[in-house]
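By convention in this document, chain letters (A, B, ...) are assigned in the order of the sequence lines, proteins followed by strands, and residues within each chain are numbered from 1. What you see is a predicted model, and the numbers here were worked out from it, not measured in a lab.
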Amino acid sequence: MSAGRRQERQAGDGGEPSMTEQAYNFAYLDEQTKRMIRRALLKALAIPGYQVPFASREMPMPYGWGTGGVQVSAAVLTPEDRMKVIDQGADDTTNAVSIRKFFERTAGVATTERTPEATVIQTRHRIPEAPLTENQILVYQVPIPEPLRFLEPRETETRKMHALEEYGLMHVKLYEDIARHGHIATAYAYPVKVEGRYVMDPSPIPKFDNPKIAGCPAIQLYGAGREQRIYAVPPWTAAESLDFEDHPFEASKADHPCALCGAEDSYLDEVIIDDTGGRMFVCSDTDYCRARREAGHTGAMGAPYETEAQA
Amino acid sequence: METASLGGGFADAPVDAARAFRACLNAMARPGRIETVAGAAPPAPLSVAAGVALLTLCDPETPVHLAGAHDCGAVRDWITFHTGAPFSGPAGAVFAVGSWAAVQPLDAYPIGTATYPDRSATLIVEMPGLTAEGGARLSGPGIRDSARLALPETAVFRRNAALFPLGLDFIFTAGDRLAALPRTTRVEDA
Ligand SMILES: [Zn+2]
């Protein structure tokens, strides 16, 4: 609450604000910017998968850090929220920690690493493994929002293609994959068609996560800062990964159980563990892995949780 | 401008607007869901909920069309003082406010273009009450199976949905409560 009572300060009014400065507005952004983003979010929900333009603001962090996601989070957060921030599934990377601290400081929100306890989750490159709920909002950081960009660099043209539902080239690109590799090689940012209409870039999540977008009880919001686009998937909405009858979509992952918690249903990162090329596969979602180990699950290379905590 | 128009705004704008927007977001994301809002005390005939929605979403970049009884000096002064939004006819409106009868005809408002379907009006429709009971059956994005909301009529929303991805979006208000109906919602008679 106290953050909201601090003196209002216009973002981007000259003078680089430091992260520790006290004279910021609630959730950092000025009210006019938040209103503009909020209007864009409502239209994004009304037109699922369609990219709404917005006037992105400079944020006190580099573009690569997900300024689009940060602006969307700033526009939706309330003082009552409990926020979680993940980067590649982990809560403890520099990027995730910085964004979490930023909102602790500017919006006074509580934070958590536990997916089920979070009301707003900002993410880069993953969807949490724990099922999301009706009481949650998932905010994606998006680097390139336009799924047709690599086929057609001109914005005026891609807009027309979306308007006319001209998605044939997209299928041709995926089919070329099949011709060359025997399967669809696209493993990240695998395009989805939302509610049978707009083809959407789900951000660079692994295609393993694509099925979680469809029919999700949570509100999914996507923010691209550099490219100035906001889009959304409302709860309980269809989102179909593009595929072919003879090559159906497959949500693949490394064919191993997690070495630490034994999970067979979670997306895995390959980790090098010694100088001799030894490696293991562990959950990319660190909170999911921890929760499983806390509950007594142990993988081939994992010590029981209590022991590990004491070490 | 009368001094009365200076009152009734958000006491703590950043936080009041944040809470109000969450209600609007939830309403638009889950059509038919009724949310309660607070923080505005607008002049009659504006409801609290319509006032909250205007304070949360309007500013000098969003022309507002006041329809029927809502087009009065007290409401104009209040909106001007608290939001700075200019007033417009239906064709230039980003938002419109009024009773269901007053906001007609709906084909007077912008529905967006093929390349920019987001450039469409949002109508804030003041209702005598909001209830799910006996209401129209809603389905589509944001709704798990089906939801219910009593609407002034149904055929007009089917025509609006048929325009998708173009179309109008609606926020229904009564007292301190609001619900929303985006263009994607399929509406059937109860
Ligand atoms: Zn694990």
Measuring heavy-atom distances to chain A, does B/Thr62 have an atom under 4.5 Å in its side chain, in its backbone, in both, or in neither? side chain
What do you reckon, is CZ of A/Arg149 surrounded by more than 12 foreign heavy atoms closer than 6.0 Å? yes
At what distance, to the nearest 0.5 angstrom, does CD1 of A/Ile219 lie from CG of B/Leu25? 4.5 Å
With chain A, the option among B/Thr184, B/Asp16, B/Leu57 that has the most non-hydrogen atom pairs under 4.5 Å is B/Leu57
Among B/Pro60, B/Pro182, B/Pro31, B/Ala29, which has the most heavy-atom pairs under 4.5 Å with chain A? B/Ala29
Return the minimal non-hydrogen interatomic distance between A/Phe249 and A/Asp243, and the atom names on each side. N-OD2, 2.7 Å
Between A/Ala75 and chain B, with a heavy-atom cut-off of 4.5 Å, which part of the residue counts as in contact: side chain, backbone, both or neither? backbone
So which part of B/Thr113 gets closer than 4.5 Å to some heavy atom of chain A, the side chain, the backbone, both or neither? neither
Is the shortest distance from a Lys or Arg side-chain nitrogen in B/Glu188 or B/Arg186 to a carboxylate oxygen in the other one below 4.0 Å? no
Return the orientation label for the B/Phe170 and B/Phe172 ring planes: parallel under 30°, perpendicular over 60°, tilted otherwise. parallel
Kindly indicate whether a cation-pi arrangement holds for A/Arg229 with A/Tyr222, taking the cut-offs as under 6.0 Å to the six-membered ring centre and within 45° of the axis. no
Tell me which of these, B/Arg30, B/Arg119, B/Glu61, has more heavy-atom pairs under 4.5 Å with chain A than the rest. B/Arg30
Salt-bridge test for A/Glu104 and A/Lys101: reply yes if a basic N is under 4.0 Å from a carboxylate O, no otherwise. no
Cut-off 4.5 Å, heavy atoms of chain B, and the answer for A/Arg197 is side chain
Which atoms of A/Ile137 approach chain B - backbone, side chain, both or neither, heavy atom under 4.5 Å: side chain
Examine whether an atom of B/Leu168 lies under 4.5 Å from a heavy atom of chain A, and if so say whether it belongs to the side chain, the backbone or both; otherwise answer neither. neither
With a 4.5 angstrom heavy-atom cut-off, is it the side chain or the backbone of A/Ala218 that approaches chain B, or both, or neither? backbone
Mind ranking B/Pro117, B/Ala17, B/Ala114, B/Gly167 by heavy-atom pairs under 4.5 Å with chain A and telling me who comes out on top? B/Pro117
For B/Phe164, is it the side chain, the backbone, both, or neither that has a heavy atom closer than 4.5 Å to a heavy atom of chain A? side chain
Side chain from CB out, backbone as N, CA, C, O: work out which of these in A/Glu134 comes under 4.5 Å of a heavy atom of chain B, or both, or neither. both
To the nearest 0.5 angstrom, please state how far the CG atom of A/Leu41 sits from the CD1 atom of A/Ile230. 4.5 Å
Using the ring-ring contact (aromatic ring centres under 6.0 Å, His included) rule, take A/Phe102 and A/Tyr28 through it: C-alpha gap first, then chi angles, then the decisive distance, then the call. CA-CA 9 Å; A/Phe102 177 75; A/Tyr28 182 77; 5.5 Å; yes
Heavy-atom proximity to chain A below 4.5 Å, by part of B/Ile143: backbone
